[in-house]
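Some notes on the structure that comes next.
Just so it is clear: chains get the letters A, B, ... in the order the sequence lines come, proteins before strands, and each one is counted from 1. In this text the structure is predicted, and so the values were computed from the model without any measurement.
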Protein chains: 2
Amino acid sequence: MISARLHYASLALIELALRQGKPAPVAVREISELHGIPAPFLVQILRTLRGKGWVRSVRGSQGGYRLAVDPAQLTLLEIADAVGCSESSCQTESNETVANGQLHEVWGAAVQASRDVLAETTLADIASKCSPSEAVMFYI
Amino acid sequence: MISARLHYASLALIELALRQGKPAPVAVREISELHGIPAPFLVQILRTLRGKGWVRSVRGSQGGYRLAVDPAQLTLLEIADAVGCSESSCQTESNETVANGQLHEVWGAAVQASRDVLAETTLADIASKCSPSEAVMFYI
DNA sequence: ACTATAGTTGACTATTTGGATCATGTTTCT
DNA sequence: AGAAACATGATCCAAATAGTCAACTATAGT
């Protein structure tokens with residue numbers, strides 16, 4: 001139900017959030033190795049994030065990625081929707097009976113419940129719990 | 001996220017719940033036509049439900065299915081787990097970083113939230129809202 | 001200018017899963 | 001016997017996900 005794409009995208013964004021103050025951008029290879037994400041796959045994901053304007057890329061030697069938004073304004077739900085963790089409740093088209101309608105209401109409520117949880121958590125929330133032990137240490 | 005299997009299984013069980021008092025069992029074909037479910041697929045689903053002891057089958061001519069449990073005791077969550085709507089939050093194995101752990105907590109909470117919704121609704125809840133217009137009419 | 005580094009792009013493959021079907025067998029009623 | 005209806009196991013198809021490749025472009029440092 002939670003796709004690897006979403007998990008990887010979140011990990012990458014957290015990593016970038018932790019290094020926001022730093023001058024140098026973060027290389028794909030570095031993120032890939034730190035979090036055990038297949039590098040070519042990560043590239044593909046970062047392209048999506050770049051399309052949303054959440055990260056900016058710097059090309060050439062010493063290039064990499066940098067976070068382009070306020071981590072406190074970006075929720076996990078937005079990320080999920082961006083990477084296409086298709087959260088449509090149920091796309092089967094049975095006959096339009098009363099039972100069918102009643103069920104769809106419940107399916108919708110269930111999906112909404114999980115979306116609400118994701119909507120309540122921002123990138124900053126998670127990053128703040130990671131600060132002490134993670135990469136932040138390098139820039140003091 | 002909500003599989004057709006779960007939707008179909010629920011529809012079938014509701015149909016059976018609505019006819020609990022009736023002497024004759026309900027044929028697969030009838031359920032299939034009433035709710036627009038592919039018959040061979042429905043058979044496969046009913047087999048699973050039979051394995052869980054929720055329905056009983058009667059073979060031979062005039063055969064069919066009958067509900068074998070109290071609709072008020074069967075929740076949509078149980079049905080979902082039975083038909084294998086695999087609700088595991090995230091099976092990717094990244095490096096064991098703090099960020100990874102934090103994220104998994106959120107994924108787990110999101111999945112749990114939707115499970116809670118399903119756990120709160122019983123078969124009887126839905127059936128009661130369908131009674132007036134559906135098949136129940138036939139048996140007065 | 002040359003080279004190494006690093007992102008860009010687009011197409012491409014593979015594995016899994018869910019959805020659906022078939023053929024054949026067995027039971028029961030008439 | 002014959003028709004109706006469930007039982008079973010194998011099988012197939014399509015879509016989505018996960019992951020890969022190769023050729024290209026841009027920048028930094030020498």
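Here dA18(D) presents its C1' atom at 9 Å from CD1 of Ile45(A), a figure rounded to the nearest Å. Per the geometry, CD1 belonging to Ile2(B) stands 16 Å off C1' belonging to dG19(C), to the nearest Å. Summarising the geometry, the separation between CG on Leu46(A) and C1' on dT8(C) is reported as 12 Å, rounded to the nearest angstrom. In this structure, Arg47(B) places its CZ atom 6 Å from P of dG9(D), rounding to the nearest Å. Taking atom CE of residue Met1(A) and atom C1' of nucleotide dT17(C), one finds them 17 Å apart after rounding to whole Å. The distance between atom CG of Leu11(A) and atom P of dA18(D), rounded to the nearest whole Å, is 14 Å.
When every heavy atom of Leu46(A) is checked against every heavy atom of Val55(A), the shortest pair comes out as O-CG2, 4.1 Å. Here the shortest heavy-atom pairing between Ala9(B) and Ile79(B) reads CB-CG2, 4.0 Å. Residue Ile126(A) comes nearest to Gln102(B) through the heavy atom pair CG2-CB, 3.8 Å, listed as atom of the first residue, atom of the second, then distance.
If you check every strand for non-hydrogen atoms under 4.0 Å, Val43(A) touches a base.
Within the structure, a side-chain polar atom (N or O) of Arg50(B) is placed less than 4.0 Å from OP1 or OP2 of dA7(D). Contact annotation: Ser57(A) reaches the phosphate of dT8(C) (side-chain N/O to OP1 or OP2, under 4.0 Å). The phosphate of dG7(C) (OP1 or OP2) has no side-chain N or O of Arg66(A) nearer than 4.0 angstrom.
Using a 4.0 Å cut-off between charged nitrogen and carboxylate oxygen, Glu105(A) and Lys129(B) do not count as a salt-bridge pair.
Classification of the His7(B)-Trp107(A) ring pair by plane angle, with boundaries at 30° and 60°, yields perpendicular.
With sequence neighbours excluded, the residues forming a side chain to side chain donor-acceptor pair (under 3.5 Å) with Glu78(B) are Thr75(B), listed by chain and number. Scanning for side chain to side chain donor-acceptor pair (under 3.5 Å) contacts around Ser32(A) gives an empty result, with sequence neighbours left out.
With dG7(C), dA18(D), dT8(D) as the candidates, the nucleotide lying closest to the side chain of Tyr65(A) is dG7(C).
At a cut-off of 3.5 angstrom, counting only N and O atoms as typed in the model, there is no donor on one side facing an acceptor on the other between the side-chain of Arg56(A) and the base of dG7(C).
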**Q.** Base-contact (B) and sugar-phosphate-only (S) positions in nucleotides 20-30 of chain C, heavy-atom cut-off under 4.0 Å, - elsewhere
**A.** BB---BBBBS-

